[in-house]
Asker: 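Sharing a structure below in structure tokens format, with a few things to ask.
Indexing begins at 1, ligand by ligand and atom by atom, following the structure's order.
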Amino acid sequence: MIRPASFAPSVRVAPSEGALLFIFLEGRLLLREDGALPRGRPDEFPVDLVNPLGLLDGMPVVGARLAGEVPPGFTLRPLRGTYGVLPEDLFGLAGYAVQIVEWDRTHRFCGACGTPTVRSERETSKVCPNCGLTAYPRVAPVVMVLVTRGEGEGRELLLARGPHFAPGMYSALAGFVEPSETLEHACHREVREEVGVEIAGLRYRFSQPWPFPHSLMIAFTAEDAGGDLALQPEEIEDAGWYSVGALPTLPPPFSIARRLIETVARGE
Ligand SMILES: NC(=O)C1=CN([C@@H]2O[C@H](COP(=O)(O)OP(=O)(O)OC[C@H]3O[C@@H](n4cnc5c(N)ncnc54)[C@H](O)[C@@H]3O)[C@@H](O)[C@H]2O)C=CC1
Ligand SMILES: [Mg+2]
Ligand SMILES: [Zn+2]
């Protein structure tokens, strides 16, 4: 979910008449029944956690949380389910808005002294008026590794599923980067921990912001360098080598996992 390049983030934009409103409640986005985003002044809606986000092609953009009943003519849709409903640039911007509103909701008090925090007027941060501790939106780097073996039509991909995946769905391996490790180190460690396999020929492919809840996905490919499959029971329910011609159900089209698997399956 990529924020459009034409979006100019700014905390100084006053929420005004024709603002584009991203209003969330527990991971769901408020849309008009015809699928369009609400527009207007935030105070025309029952909201709190109002956050001016910036300008999209000159139009003010505001994020907020629904604090009352769903207004007549509107409906709440799971954010992932708005893919294909919202235009791609607004789907991407929704990913930014949900992270700012969620960060606001979860940083109401200073983590050091417990004093209520105040929104900075010059940057996207929340500051403690008592001790000065500053909190920025969280971004958690996650490496994704698609491990392959063999060549051409005999090429196989190492795919796995977690216990919370949709039934039958398999994906590339992924894991959070830990403090004080490189992306390369994280790739080797995650693959070893989750499936017991060693890798070589690690190659960076592309990245994707993923707002569930605040990940930055960084995708790699690598080749199998030995080791029998040994699954980490808490995180990996099943894993196996799949021929590029006979892949299982894959993650949804807008996920980086899908893009990575399809790129490799095409031989790129
Ligand atoms: N866009 C995509 O295609 C995909 C996105 N993802 C995302 O990647 C992220 C991580 O994937 P997993 O395999 O679940 O990670 P993982 O293999 O590191 O294990 C997840 C576990 O790590 C711990 N954890 C949670 N937040 C953490 C943090 N900020 N730092 C360190 N540890 C943390 C929790 O115990 C959690 O159960 C998730 O946010 C998931 O939504 C995962 C696969 C595909
Ligand atoms: Mg994992
Ligand atoms: Zn403080």
Asker: Are L93 and L53 close enough, and set up right, to give a side-chain contact (heavy atoms from CB on, under 4.5 Å), and what steps lead you there?
Answerer: CA-CA 10 Å; L93 196 49; L53 300 178; 5.8 Å; no
Asker: Taking the six-membered ring for Trp, are F254 and Y83 parallel (under 30°), tilted (30 to 60°) or perpendicular (over 60°)?
Answerer: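 Plane angle between 30° and 60°, so tilted.
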Asker: Salt bridge (Lys or Arg N to Asp or Glu O under 4.0 Å) for R192 and E198? Distances and angles first, verdict last.
Answerer: CA-CA 6 Å; R192 190 180 300 129; E198 297 299 324; 2.8 Å; yes
Asker: Name the orientation class of the two ring planes belonging to F220 and Y204 (parallel below 30°, tilted from 30 to 60°, perpendicular beyond 60°).
Answerer: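 Perpendicular: the ring planes of F220 and Y204 meet at over 60°.
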Asker: Should L229 and L158 count as side-chain neighbours, where that means a heavy-atom distance under 4.5 Å?
Answerer: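 Contact flag for L229/L158 side chains = yes.
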Asker: Decide whether L66 and L21 are clustered together by the hydrophobic rule: side chain heavy atoms of Ile, Leu, Val, Met, Phe, Trp, Tyr closer than 4.5 Å, transitively.
Answerer: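 Yes; L21 is reachable from L66 via cluster members.
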Asker: Which heavy atom in V244 sits nearest to a heavy atom in G152, and how many Å separate them?
Answerer: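 So the two residues come closest at CG2-O, 4.3 Å.
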Asker: Classify the ring geometry between W210 and F212 as parallel (under 30°), tilted (30 to 60°) or perpendicular (over 60°).
Answerer: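 Taking F212 first and then W210, their aromatic rings stand perpendicular (interplane angle over 60°).
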Asker: Please find the pair of heavy atoms, one from L260 and one from A172, that lie closest to each other, and give the distance.
Answerer: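 That closest heavy-atom pairing would be CD2-CB, 4.4 Å.
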Asker: Around the Zn ion (ligand 3), what protein N, O or S atoms are found below 2.8 Å?
Answerer: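 Only C110 SG, C113 SG, C128 SG, C131 SG fall inside 2.8 Å of the Zn ion (ligand 3).
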Asker: Show your working on side-chain contact (heavy atoms from CB on, under 4.5 Å) between F7 and V61 and close with a plain yes or no.
Answerer: CA-CA 9 Å; F7 173 70; V61 181; 4.1 Å; yes
Asker: Could you tell me, for ligand 1, which of its N or O atoms are under 3.5 Å from any protein N or O, listing the pairs and their distances rounded to 0.1 Å?
Answerer:
unit_1   : atom_1 : unit_2 : atom_2 : d
ligand 1 : 1 (N)  : Q208   : OE1    : 3.3
ligand 1 : 3 (O)  : I256   : N      : 3.4
ligand 1 : 3 (O)  : A257   : N      : 3.0
ligand 1 : 13 (O) : A174   : O      : 2.8
ligand 1 : 17 (O) : A174   : O      : 3.0
ligand 1 : 17 (O) : E194   : OE2    : 2.7
ligand 1 : 17 (O) : E235   : OE1    : 2.6
ligand 1 : 18 (O) : F176   : N      : 2.9
ligand 1 : 19 (O) : E235   : OE1    : 3.1
ligand 1 : 19 (O) : E235   : OE2    : 3.3
ligand 1 : 39 (O) : F212   : O      : 3.3
ligand 1 : 39 (O) : S215   : OG     : 3.1
ligand 1 : 41 (O) : W210   : NE1    : 3.2

Asker: With a cut-off of 2.8 Å, does G175 place any N/O/S atom under that distance from the Mg ion (ligand 2)?
Answerer: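 It does not: G175 brings no N, O or S atom closer than 2.8 Å to the Mg ion (ligand 2).
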Asker: Tell me, which N, O or S atom in E194 is closest to the Mg ion (ligand 2)?
Answerer: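 Nearest N/O/S atom: OE2.
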